[in-house]
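See structure below.
Heavy atoms only: backbone and side chains are in, while hydrogens, waters and symmetry mates are out. First the proteins, then the strands, lettered A, B, ... as listed; each starts at 1.
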Amino acid sequence: METEAWVGKQGGLAAALVVLLVLVFAQWMAPSLAEAQNAGAPQPTTEPPPGYAGSEACIECHKDPAATFAKTVHHKLFLKHPRTDKERLGCEACHGPGLAHGEAEGKTLDGLKTFGKKSPLSVAEQNAICLECHQKTARLYWQGGPHESRDLACTDCHKIMEAVSERRQLAKATVIETCSQCHIQRRAQLMRSSHMPLREGKMDCVSCHNPHGTATEKQLKANSVNEVCYTCHAEKRGPFLWEHPPVTESCSNCHDPHGSNHEKLLKVAKPRLCQQCHVESRHPTRPHDPFTRFVFNRSCTNCHSQIHGSNHPSAAGRFQR
Amino acid sequence: MKRGLGFVLGSFLLSGFLLLPSRAGGETEIFGLKLDGEVEVGGRVFVDRPSKRDSGKFEEYRDIPETGFLRDLRLRLESEDESYSLELKAREAGEDDQNFLLRSSKIGRYEFEFEWDQIPHVFSRTGRSPYSETSRGVFELPDAIQTTLQGAAAAARPGILQSFLATEARDIDLETRWDSARFLLKYTPTPDWDLRAEYTRTHKEGERPIGTTFVFTNQVELPEPIDQTTHDMRVTAELAREQWQLQLSYNLSLFENDVDVLVWDNPLRATDSATLGSSRGRLDLAPNNIAHTVGLTGGLNLPMRSRLTGTFSYGLRLQDDNFVPHTINSAISDPGLALPADSLEGEVHTRLLNLQFTSRPLQDISVGVRYRLYDFDDQTPNLTFPAKVRTDMTLITEPTTSSRFSYTKHNAGADVGWRLLSPLSLKVGYEWERWDRDERHREVNLTDEHTPKVSLDYTPLDWLLLRASYAHSWRRISDYNPFAHLAHTVTPEEFVVDAPQAQSTLLRKYDQADRDRDRVDFLAQLTLLDTLMITPTVSYRNDDYKNSALGLQDDKSWAAGLDISWSPMEGFTLFASYMREEFFARQRSRYREPPAQLENPTFDWVAENEDRIDTFGVGIDAALIPKKLDLRLAWNYSRATGTMKAFNPVTPSGGTAAQNRSATAVDFPDIEDSLHQLEASLRYHITPAWFVRIGYIFEMFDITDFRTDDIQPFMGSVDPASGTSIFLGAQVRDYTAHILTFSVGYKF
């Protein structure tokens with residue numbers, strides 16, 4: 001009961017904080033909301049600006065790509081429900097002014113911006129076009145991130161002109177297939193006997209990573225390795241009365257989250273893993289015969305089961321309670 | 001009754017959709033809204049199904065019943081102008097791994113999602129236990145066996161226990177299921193604003209194995225009851241303008257455990273004794289806890305294609321569950337067992353500061369600098385316990401003080417990239433990482449790791465991309481305090497340099513040891529013929545713990561693989577992949593037995609752990625008859641061998657025969673496993689809307705693991721010292737499955 005009251009109190013405080021945040025932002029937003037009402041309303045058809053041909057002119061010649069593009073969210077937004085002047089440019093919002101290209105019946109690409117390996121634009125220039133709209137939310141840390149710094153183009157992972165995936169305009173049907181274009185070893189790890197449910201379709205790479213870059217190493221979505229893990233494994237968060245220091249510092253000291261041949265995603269099987277750090281005396285230091293209770297079944301955690309930390313007053317140093 | 005529910009539902013929907021009016025062009029309409037979607041219902045038949053005992057690994061994260069099923073359901077309602085949409089998706093409906101998603105959106109304005117997801121997790125289906133769970137978390141044995149074993153001679157106990165387990169150990173399920181309900185609301189009042197609120201409730205329920213002990217020879221493995229709920233709420237508000245962006249976020253995570261403790265009968269004791277042991281044990285399960293995290297992130301575009309990005313985040317973690325008493329053994333009492341506090345009042349503060357500056361001052365030059373600080377400040381009060389009771393058996397009147405392990409981690413780096421030639425980019429960089437730990441409680445106060453690195457990206461031809469990188473790092477530590485191991489469990493006054501349990505002064509724990517690391521990565525992408533892509537990749541990592549006389553000394557791995565994707569014609573794709581990985585770790589230890597054999601160098605032993613894995617994949621996606629008959633064939637195979645060898649550099653000597661024997665290292669048997677997965681399906685489009693599909697799935701999993709292959713509740717015949725212990729017998733077993741599936745689908 002006491003615990004429930006404590007939890008309820010924490011939850012109440014949190015809820016109050018959330019309401020306060022919402023109210024604060026509602027106040028900030030109020031002027032913008034009025035604008036929003038107008039911004040969202042269908043805009044009257046206007047002539048394209050000088051140098052621009054208009055999307056209908058593009059579609060006249062590029063019927064096939066236009067047909068596949070019609071199934072994408074960009075089409076619906078840019079060509080049917082544009083909110084800004086930029087979006088109202090339609091095809092030319094990304095590809096640049098196409099009037100010269102159209103008047104030349106496609107014989108010149110002057111003024112046009114193309115994407116892909118054969119584009120004369122550098123990767124940074126191609127990406128800058130996407131970032132004009134998408135430099136926010138998950139892409140705040142794109143510049144300087146591991147992928148951007150290796151000249152990865154947005155179009156290496158995303159396909160804009162065709163809805164290959166259900167969501168996110170990916171280049172492949174799923175997140176895992178998209179990431180596996182380069183991270184082939186990680187895909188192979190999904191087949192390991194000890195694994196999280198990625199190959200079963202319950203998780204994917206972006207369950208833990210933001211491939212556009214974050215404030216944390218390995219493009220993890222939370223502030224530390226452990227905080228990512230606690231998203232699903234909050235029972236390990238503690239703090240505990242008795243902490244196991246390498247656990248507190250990083251789950252990856254012992255586990256390989258991408259897959260392992262050892263139980264519980266451990267990098268090395270027990271007891272050897274534990275014996276890499278425990279050279280006290282007696283049984284932790286013994287090399288052991290394989291068919292003893294120190295090795296078979298759960299090995300060290302046959303007894304020391306509370307290895308991630310314990311709140312029991314008498315568990316000090318041994319994690320057996 | 002739940003089984004087949006999806007099939008019934010799907011069939012009903014399928015029939016219903018057929019009655020809907022069609023629009024010109026084949027679209028379907030309902031209430032003036034466009035409706036499209038797909039529903040596929042069918043059934044599966046096992047030609048060869050793993051037995052229930054063998055199905056643990058087969059259904060580890062899945063539910064594959066032999067019944068009708070709703071394979072896939074996708075419905076989408078859209079307004080005439082395509083601005084509003086409502087989507088419903090369902091997978092594996094009616095099965096334990098079902099997933100439902102409801103999404104409503106207005107393009108460019110808002111999006112609402114509700115998702116329900118279930119993930120089963122089967123640990124083993126061979127578990128057996130003689131215990132009865134009389135209330136949640138309380139496991140009891142018949143009094144008679146406890147009384148009998150308590151009164152029996154030590155030599156007779158294994159036989160008695162073995163007979164008891166042979167008749168009284170009952171099958172138990174060792175599995176959990178995670179049920180998640182997720183709500184998401186995204187609102188974009190203008191393109192500049194993004195507001196997002198997400199709430200996920202995850203409830204985990206079931207049983208999983210947990211080990212408990214009284215003494216070495218009295219271990220009890222139990223099915224830990226899992227009844228846990230995590231509430232996760234995230235709200236984010238972002239304002240993004242062309243030149244700057246600002247994002248504010250808050251995350252609340254609340255963990256509740258409805259089973260606080262595990263209590264179980266000691267098979268060897270019917271009554272409590274202060275000297276002979278306890279009749280029961282009590283273990284404290286994961287405490288409730290809560291975490292708040294707020295974050296502010298901003299990005300600012302600067303001249304010369306520069307950008308400054310920064311994050312400040314603060315986190316607070318709290319835990320205040322009431323302590324359980326030191327022991328459940330009623331015969332043990334001592335004034336020192338009075339608890340110094342009712343609860344921990346656990347409090348951890350985390351702070352993250354991340355700053356990153358990148359710039360492309362010239363077309364072919366890029367620079368980047370970054371600094372990151374993560375501070376983990378455990379402000380939980382230290383508590384001193386004047387006495388404790390080890391495993392409910394032994395009173396120890398020696399004070400113990402808890403320790404908090406605060407640390408600060410600094411990362412900084414800089415890199416410069418040059419486009420030397422049009423197709424050639426070179427990047428050189430430097431990274432620094434420092435761990436600054438509380439010097440009282442971990443062995444090393446300060447570690448510094450320096451990593452210069454270089455990478456090359458070369459695109460000499462349109463169809464060829466080469467990426468290579470090399471990083472060398474060296475980590476050096478400040479003084480290593482080998483007695484920190486004692487310092488964090490006893491009060492300073494009790495600190496004894498040569499206490500038997502002190503760790504060897506030669507040990508260097510690998511996360512705090514000097515280390516030299518080399519890492520090489522290479523990847524090539526050959527895009528031949530626009531339709532053929534070949535991607536070879538190689539990586540190598542070597543960690544040399546050069547100053548670790550004991551502990552992990554060498555850790556290296558390499559991987560090489562190839563991925564091929566070929567689409568020679570429209571409607572035909574062939575894909576194949578292979579990856580070879582090898583991992584090797586060498587560690588050195590010393591058998592130490594007080595008082596006389598603590599530093600006998602002949603008692604040193606070395607373990608070499610090696611894993612070798614091959615992973616193959618090949619498949620075809622083909623339109624055998626365009627728009628009529630599709631074939632999908634995919635075969636994946638993975639095999640792994642783990643070896644754990646051990647040897648003594650010098651034959652152990654100088655101790656008693658028993659001590660010399662204990663110091664002698666032997667190899668462990670190899671651990672091998674392999675998984676074949678073959679999936680084939682033929683889909684025939686009767687009409688553009690209707691299709692039928694037949695499928696065949698073959699899976700075969702083999703495992704040889706000496707640790708669990710023969711695990712039984714009674715293991716006294718394998719290890720005589722385990723003759724008075726009870727295990728669950730949770731094996732991981734081979735399985736083979738041949739499954740035929742057939743389904744009918746309708747797209748509209």
Closest approach of A:L241 to B:R404 (non-hydrogen atoms, all atoms of both residues): O-NH1, 3.0 Å

Most chain B-contacting option - heavy-atom pairs closer than 4.5 Å, from A:R237, A:M191, A:R298, A:E200: A:R237

Chain B interface, residue from A:D289, A:T248, A:V268 that has the most non-hydrogen pairs under 4.5 Å: A:D289

Chain B contacts, top residue of A:M196, A:K236, A:Q185 (heavy-atom pairs, under 4.5 Å): A:Q185

Minimum heavy-atom distance between A:F291 and B:D719, given as atom pair plus value: O-CB, 3.5 Å

Polar side-chain atom of B:Q356 near backbone of A:Q143 as donor-acceptor pair, under 3.5 Å: yes

Distance-only polar pair, side chains of A:N311 and B:Q319, donor-acceptor under 3.5 Å: yes

Donor + acceptor pair across side chains of A:N223, B:S313 (<3.5 Å): yes

Donor + acceptor pair across side chains of A:E217, B:N411 (<3.5 Å): no

Proximal component of A:F240, with respect to chain B [non-hydrogen, under 4.5 Å]: both

side-chain hydrogen bond (donor to acceptor under 3.5 Å, both in side chains) assessment of A:R150 paired with B:S425: CA-CA 9 Å; A:R150 298 300 297 275; B:S425 294; over 6 Å; no

Short side-chain donor-acceptor distance under 3.5 Å, B:Y374 and A:E227: yes

Heavy-atom pair of closest approach, residues A:Q276 and B:A585: NE2-CB, 4.4 Å

Engaged part of A:H244 at the chain B interface, taking heavy atoms whose separation is under 4.5 Å: neither

Side chain B:N289, main chain A:A234, donor-acceptor under 3.5 Å: yes

Between B:F668 and A:H288, ring centroids under 6.0 Å: no

Region of B:A663 in contact with chain A, defined by heavy-atom distances below 4.5 Å: backbone

For A:P287 against B:S662, the heavy-atom pair lying closest together: CD-O, 3.2 Å

Nearest heavy-atom neighbours spanning A:R282 and B:P594: NH2-CG, 3.4 Å

Heavy-atom contact with chain B under 4.5 Å, split by part of A:C133: neither

Sole residue of B:T400, B:V389, B:D284 in side-chain contact (heavy atoms from CB on, under 4.5 Å) with A:S314: B:V389

